[in-house]
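Notes follow the structure.
Here, residue 1 is the first one in the sequence, and each next residue gets the next number.
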Amino acid sequence: MEYSYCGKSGLMLPKLSLGLWHNFGSIDSFDNARAMILHSFEKGITHFDLANNYGPEPGSAEVNFGRVMCRDLKAHRDEMIVSSKAGHRMWSGPYGDGSSRKSLMASINQSLQRTGLDYFDIFYSHRYDGVTPIEETMEALVDIVRQGKALYVGISKYPLAEQQKCYDYLKKSGVGCLVSQYRHSMFDRVSSPNLDMAMKNGSGVVCFSPLAQGLLTDKYLKGIPPNSRAAKPEGFLRIDQVTSERIEAAGKLRELALKRSQTLPQMALAWLLNKKSVTSVIIGSSSIGQIDDNLMSLYNQSFSDDELKEIETILAPLPDCL
């Protein structure tokens with residue numbers, strides 16, 4: 001595994017991190033989830049990314065991760081970076097959603113209880129809710145660090161204007177924004193200005209959904225499989241996003257990947273890792289085999305100028321976001 005310093009800090013993150021957004025909840029196989037977490041750690045993936053509402057059921061990914069920590073990894077806590085987030089709907093009533101001080105403070109207490117941890121290495125404000133003043137949310141993050149509940153704090157998915165306000169407030173507080181998390185992939189590049197702003201302000205960048213919910217794999221090249229995310233009504237990938245234009249582009253990208261002796265997912269990950277602003281990329285997985293396949297992207301992260309031009313030509317007709 002390769003590690004990179006996170007922004008202008010002394011903390012190193014692995015190039016690939018494991019996200020527990022899908023396949024680690026109460027409806028999933030605990031034995032498989034445990035095997036993937038342990039295998040990832042054995043391969044040098046030291047960063048595990050959670051959120052209070054990951055499941056389903058919401059919160060169950062934290063519970064299952066806590067079970068693995070207690071059972072298998074307790075002695076290795078100081079070798080790991082565990083992050084969690086709060087900001088999306090988690091419980092009923094007016095305080096189970098959003099970015100208020102009330103919500104964030106309650107959320108981190110609940111998350112620590114579910115995981116059984118004494119602290120998180122990184123705790124994020126998961127989103128800007130459009131209502132809560134930036135000062136209120138950021139001050140809550142500052143207090144979370146000062147109370148010893150997290151070592152570092154970050155922001156996720158904040159719009160540009162609010163993103164800069166977060167950096168400014170946290171810098172003045174003496175805590176600083178360690179890392180900024182954004183969705184980014186070949187098929188979803190709308191956050192490019194956010195990545196640039198993070199690097200300008202000395203914040204590390206962690207990218208999620210690097211494979212565009214499966215569009216940057218072979219899964220959809222021949223249509224929508226019945227058990228795919230796009231086929232599920234509760235999924236984040238909608239059928240109308242699986243367009244003929246994206247399928248055609250994925251096919252062309254796959255041809256380029258094969259010339260590079262990579263799979264399409266491996267090249268999509270390498271394309272992100274090749275960006276100067278990107279510290280780490282969060283991979284999702286449903287099996288150990290997928291984790292190993294993604295790890296192979298680390299062996300060829302460089303691109304020739306001609307390859308980058310070809311990629312841009314393929315992507316040019318597509319919208320910048322899903």
- Item | Derivation and outcome, side chain to side chain contact (heavy atoms under 4.5 Å, CB included), residues Asp121 and Ser83 | CA-CA 6 Å; Asp121 296 278; Ser83 61; over 6 Å; no
- Candidate pair Asn109 and Gln113, rule side chain to side chain donor-acceptor pair (under 3.5 Å), full reasoning: CA-CA 6 Å; Asn109 289 337; Gln113 185 175 17; over 6 Å; no
- Task: Kindly indicate, with the supporting measurements, whether the criterion side chain to side chain contact (heavy atoms under 4.5 Å, CB included) is fulfilled by Lys165 and Met138.
- Result: CA-CA 9 Å; Lys165 290 178 182 178; Met138 295 303 106; over 6 Å; no
- Query: Going through the checks in order, is the side chain to side chain contact (heavy atoms under 4.5 Å, CB included) test met by Leu50 and Phe24?
  - Reply: CA-CA 10 Å; Leu50 292 154; Phe24 292 86; over 6 Å; no
- I would like to know whether Asp143 and Arg101 meet salt bridge (Lys or Arg N to Asp or Glu O under 4.0 Å); could you show each step before the answer? CA-CA 10 Å; Asp143 288 344; Arg101 179 182 182 86; 2.8 Å; yes
- Tell me, with the steps shown, if Met296 and Gln262 meet side chain to side chain contact (heavy atoms under 4.5 Å, CB included). CA-CA 8 Å; Met296 292 298 294; Gln262 289 181 314; over 6 Å; no
- Task: Would you check, one step at a time, whether the test side chain to side chain donor-acceptor pair (under 3.5 Å) holds for Ser100 with Thr132?
- Result: CA-CA 6 Å; Ser100 70; Thr132 307; 5.5 Å; no
- Query: Can Asn294 and Ser297 be said to form a side chain to side chain donor-acceptor pair (under 3.5 Å), step by step?
  - Reply: CA-CA 6 Å; Asn294 289 338; Ser297 64; over 6 Å; no
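Remark: Glu136 pairs with no residue by the side chain to side chain donor-acceptor pair (under 3.5 Å) rule, at least two apart or across chains. Remark: Tyr158 engages Tyr128 in a ring pair (Phe, Tyr, Trp, His ring centres under 6.0 Å) (not counting sequence neighbours). For Phe65, the ring pair (Phe, Tyr, Trp, His ring centres under 6.0 Å) partners are Phe48, not counting sequence neighbours. Remark: Thr263 pairs with Pro265, Gln266, Asp293 by the side chain to side chain contact (heavy atoms under 4.5 Å, CB included) rule, at least two apart or across chains. Scored by the ring pair (Phe, Tyr, Trp, His ring centres under 6.0 Å) test, Phe41 finds His76 as partners (sequence neighbours excluded). Residues passing the ring pair (Phe, Tyr, Trp, His ring centres under 6.0 Å) test with His126, sequence neighbours excluded: His88. Considering only residues two or more places apart in sequence or on other chains, Asn300 meets the side chain to side chain donor-acceptor pair (under 3.5 Å) condition with none of them. Applying the side chain to side chain contact (heavy atoms under 4.5 Å, CB included) rule to Ser287 yields the partners Gln290; only residues at least two apart in sequence or on another chain are considered.
Using a 3.5 Å distance cut-off with no hydrogens or angles, the side chains of Asn194 and Gln163 do pair a donor with an acceptor. Side-chain contact of Asp28 with His22: a donor-acceptor pair under 3.5 Å is absent, judged by distance alone. Side chains of Ser180 and Ser203: a donor-acceptor N/O pair is present below 3.5 angstrom, by distance only. There is a side-chain donor-acceptor pair under 3.5 Å between Gln213 and Ser209.
Here salt bridge (charged side-chain N to carboxylate O under 4.0 Å, His left out) pairs that include residues 40-67, with residues two or more places apart or in two chains, are Asp49-Lys85, Glu62-Arg114. Listed by first and then second residue, the salt bridge (charged side-chain N to carboxylate O under 4.0 Å, His left out) pairs involving residues 260-280 are Arg260-Glu307 (not counting sequence neighbours).
Under the 4.5 Å side-chain criterion, counting only non-hydrogen atoms from C-beta, Ile155 is not in contact with Gln181. Counting heavy atoms from C-beta on, the side chains of Leu264 and Thr217 never come closer than 4.5 Å. By the 4.5 Å heavy-atom criterion applied to side chains, Asp97 and Ser103 are not counted as neighbours. Looking at heavy atoms from C-beta onward, Leu195 lies in side-chain contact with Cys207 at the 4.5 angstrom threshold. Between Ile283 and Leu295 there is no side-chain heavy-atom pair separated by less than 4.5 Å. When side chains are defined from C-beta on, Met105 counts as touching Gln147, because their heavy atoms get closer than 4.5 Å.
With Ser191 contributing its side chain and Arg183 its backbone, the two residues share a donor-acceptor pair below 3.5 Å. The closest donor-acceptor contact from the side chain of Asp188 to the backbone of His184 lies at 3.5 Å or more, if one exists at all. Distance alone, capped at 3.5 Å, is enough to place a donor-acceptor pair between the Asn64 side chain and the Gly25 backbone.
The hydrophobic cluster containing Tyr95 also includes Met90, Trp91, under a criterion of side-chain heavy atoms closer than 4.5 Å among ILVMFWY residues, counted directly or through chains of members. Leu13 shares a hydrophobic cluster with Leu11, Ile81, Tyr119, Ile122, Tyr124, Leu151, Tyr152, Leu178, Val179, Val206, Phe208, Ile282; the chain of contacts runs through ILVMFWY side chains whose heavy atoms sit under 4.5 Å apart.
To the nearest 0.5 angstrom, Lys309 atom NZ is 14.5 Å from Ile314 atom CD1.
The pair Glu248-Lys252 meets the salt-bridge criterion, with a side-chain N (NZ, NE, NH1 or NH2) lying under 4.0 Å from an Asp/Glu carboxylate O.
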